[in-house]
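Here's the structure we're looking at; comments come further down.
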Amino acid sequence: MTSVFEEKNLTKAIMRVGLPAMLGQLTTLIYNIADTFFVSITKEPDMIAAVTLCAPILLIIMSIACIFGMGGSSVIARLLGEEKREESGTTMNSCVYAMAIAGIMTLVLGLVFLRPLAILSGADADNLADTCDYLKWIFLGAPFIMLANGFVHLFRSVGLIKESAVGLVLGNAINIVLDYIFIAIFGWGTAGAALATSLGFVCATIYYIICMIREERKGNQLVPLSPKRFSPNAAIIRNVVSIGIPGALVTVLMSVSNIVLNNYISIYGSDAVASYGIAYKLDMVPILLSVGLSQGVAPLVGYCYGGNEKKRMSDIINLTIRYGIFMGAIFTAVFMLMGKQLTSIFLQDNALIAQADRFLKILCLSAPMLGVIHMITSYFQALGKAVKSLTITVLRNAVLFIPGVIILNRFWKLNGVIAAQPVVETALTVICIVMYIQDKHFQRKTRP
């Protein structure tokens with residue numbers, strides 16, 4: 001089979017890299033929804049609220065992996081485009097060990113500051129104990145959470161696309177099974193949900209390490225696991241971190257903005273937090289599918305850039321954006337027509353169902369725009385243009401979103417808080433298009 005990086009049919013190339021990544025993100029979403037579903041069986045809004053409040057902390061842990069996963073992926077793909085295979089392997093090895101070290105540090109710090117972090121997340125007297133239970137098991141699994149999430153990106157960059165998706169699906173499938181056992185059978189509540197999550201990532205990490213050992217024994221110099229190849233130099237660290245930090249800040253700042261959002265929603269009580277949690281979980285379907293598509297395509301974009309195939313790269317980006325817009329529009333229509341039926345799967349109270357349905361209808365308005373925002377962000381990351389990628393992230397999650405929540409809450413209360421997402425992402429879509437057009441114009445002027 002032709003290497004995905006050399007595939008001439010653009011639609012086929014995009015599907016070969018995009019569909020496995022989207023499948024992986026979809027299974028991640030399914031396990032998130034499974035967490036919420038099994039916790040909702042308890043009919044305890046405080047437990048549902050606790051899972052919602054802990055989501056930003058879990059995202060921050062994952063984002064640390066992105067420093068080395070997404071940063072390493074971008075560097076490796078461009079090195080392969082330049083036919084520097086040995087440097088690619090050294091970068092891969094260095095990123096794996098860096099993630100392991102960072103995971104151990106996060107485990108220790110998380111357990112030391114467990115209660116303050118729970119309070120910072122927006123937990124109150126009603127749900128503080130459930131929130132701490134969830135976070136404890138998440139921090140204990142932090143090294144595996146980081147490794148599993150980083151491997152997903154690193155494997156894609158060296159063409160192990162099937163293995164990348166299989167590991168993600170495997171971990172999430174195990175998580176869902178354990179959710180049922182720990183919550184529905186054993187009745188462990190939020191602690192059971194978090195333990196299932198951590199054990200799922202443990203299994204995914206073991207699978208990825210087995211794949212690396214197998215590839216190394218086959219002589220694949222792109223995925224060395226041996227400590228002997230751990231020889232990071234200043235150039236490798238600088239290149240990976242310069243791209244990885246903006247990539248990680250996408251998640252960190254998203255988590256910070258979600259913490260701010262959760263604190264404002266919590267003003268209106270645990271029922272409001274629970275309703276938003278359900279609506280947000282459903283809205284995560286188009287969000288994560290869009291993220292999967294753009295992140296899956298990113299190594300292909302980086303490879304084209306490294307090989308100076310600018311026309312092919314531009315065509316891939318434009319086609320991917322069209323697919324993303326079309327996919328988002330379909331989800332907007334589905335949520336508008338079937339919002340109440342979907343939210344009623346997780347909630348029994350009619351008032352909460354109606355409230356979650358209203359929130360979902362507001363949130364989904366931005367779904368078609370995600371294809372533009374995520375692909376252009378991934379484009380800048382793939383090209384190593386960290387400042388522009390970081391600019392989009394800071395605009396979305398700090399400059400626009402947090403003031404938007406504060407202002408809209410003042411004028412329209414709870415509905416205004418929820419509306420901050422589509423309002424901000426509409427403005428950000430316009431900004432991203434302008435940045436992309438300007439960058440293409442600059443590349444044409446400087447093309448050799």
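Side-chain atoms are counted along with the backbone in the values below, which use heavy atoms only and exclude waters and symmetry mates.
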Under the 3.5 angstrom rule, does the side chain of Asn175 hit a backbone N or O of Gly171 as a donor-acceptor pair? no
Report the C-alpha separation of Phe201 and Met146 in whole Å, then their side-chain angles, then the decisive distance to 0.1 Å, and conclude whether the side chain to side chain contact (heavy atoms under 4.5 Å, CB included) test is met. CA-CA 9 Å; Phe201 283 119; Met146 288 191 190; over 6 Å; no
Rounded to the nearest 0.5 Å, what separates atom CH2 in Trp137 from atom SG in Cys54? 14.5 Å
Nearest 0.5 angstrom please: Leu160 CG to Met92 CE, how far? 7.0 Å
SG/Cys432 to CE/Met369 distance, rounded to the nearest 0.5 angstrom? 12.0 Å
Let me confirm one number: the CG-CG distance from Leu195 to Asp133, rounded to the nearest 0.5 Å. 11.5 Å
Provide the closest heavy-atom pair for Asp179 versus Gly192 in the form atom of the first, atom of the second, distance. OD1-O, 4.3 Å
More than 12 heavy atoms of other residues, nucleotides or ligands under 6.0 Å from OH of Tyr97: yes or no? yes
Short question: side chain of Ser389, backbone of Lys385 - any donor-acceptor pair under 3.5 Å? no
Can you tell me if Ser366 uses its side chain to pair, donor with acceptor, with the backbone of Glu425 under 3.5 Å? no
The residue among Leu170, Val169, Leu168 that forms side chain to side chain contact (heavy atoms under 4.5 Å, CB included) with Asn172 is Leu168
Under 4.5 Å between any side-chain heavy atoms of Gln355 and Tyr268, yes or no? no
Would a 4.5 Å heavy-atom cut-off, applied to side chains only, mark Val405 and Val424 as touching? no
Is Ser266 reaching over with its side chain to a backbone N or O of Asn263, donor-acceptor style, under 3.5 angstrom? yes
Is it the case that over 12 heavy atoms from other parts of the model lie below 6.0 angstrom from the NZ atom of Lys340? no
Set out, in order, the CA-CA distance, both residues' side-chain angles and the distance that settles side chain to side chain contact (heavy atoms under 4.5 Å, CB included) for Phe139 and Leu109, then state yes or no. CA-CA 9 Å; Phe139 281 121; Leu109 292 173; over 6 Å; no
Looking at Met70, is its backbone amide N or carbonyl O close enough to the side chain of Ser74 to form a donor-acceptor pair, meaning the two atoms are under 3.5 Å apart? no
Would you call Tyr276 and Leu261 a side-chain contact if the rule is heavy atoms closer than 4.5 Å? yes
Within a strict 4.5 Å, meaning less than it, do heavy atoms of the Ile287 and Met284 side chains meet? yes
Trace of the side chain to side chain contact (heavy atoms under 4.5 Å, CB included) decision for Met99 with Leu154: CA-CA 12 Å; Met99 289 187 297; Leu154 294 172; 3.8 Å; yes
Within the structure provided, determine whether Cys211 and Tyr207 are in side-chain contact (heavy-atom separation under 4.5 Å). yes
Nearest heavy atoms of Ala50 and Asp130, plus distance in Å: CB-CB, 3.7 Å
Does any non-hydrogen side-chain atom of Phe335 lie less than 4.5 Å from one of Asp283? yes
Closest heavy-atom pair, Met47 versus Gly189, reported as atoms and distance to 0.1 Å, is SD-CA, 4.1 Å
Residue that, paired with Phe151, satisfies ring pair (Phe, Tyr, Trp, His ring centres under 6.0 Å) out of Phe144, Phe68, Tyr208: Tyr208
Please test Leu352 against Ile278 for side chain to side chain contact (heavy atoms under 4.5 Å, CB included), starting from the C-alpha separation and ending with a verdict. CA-CA 10 Å; Leu352 291 180; Ile278 298 303; over 6 Å; no
Would you call the rings of Trp188 and Phe182 parallel, tilted or perpendicular, taking 30° and 60° as the class edges? parallel
Interatomic distance, CD@Gln341 vs CD1@Ile353, rounded to 0.5 Å, equals 10.5 Å
How long is the straight-line distance from CZ of Phe380 back to OG1 of Thr391, given to the nearest 0.5 Å? 8.5 Å
Between Met22 and Met327, is there a side-chain heavy-atom distance shorter than 4.5 Å? yes
Close side-chain approach of Lys388 to Ile392, heavy-atom, < 4.5 Å: no
Can you see which heavy atom on Ala356 is nearest to which on Ala279, and at what distance? O-CB, 3.6 Å
Give a yes or no on this: more than 12 heavy atoms of other residues, nucleotides or ligands lie within 6.0 Å of atom CZ of Arg115. no
Take atom CE of Met336 as the centre, draw a 6.0 Å sphere, and report whether it contains more than 12 heavy atoms from other residues, nucleotides or ligands. yes
At their closest point, which heavy atom of Pro368 faces which heavy atom of Thr332, and how far apart are they? CD-OG1, 3.3 Å
Which atoms form the tightest heavy-atom contact between Ser290 and His374, and what is the distance? OG-ND1, 2.8 Å
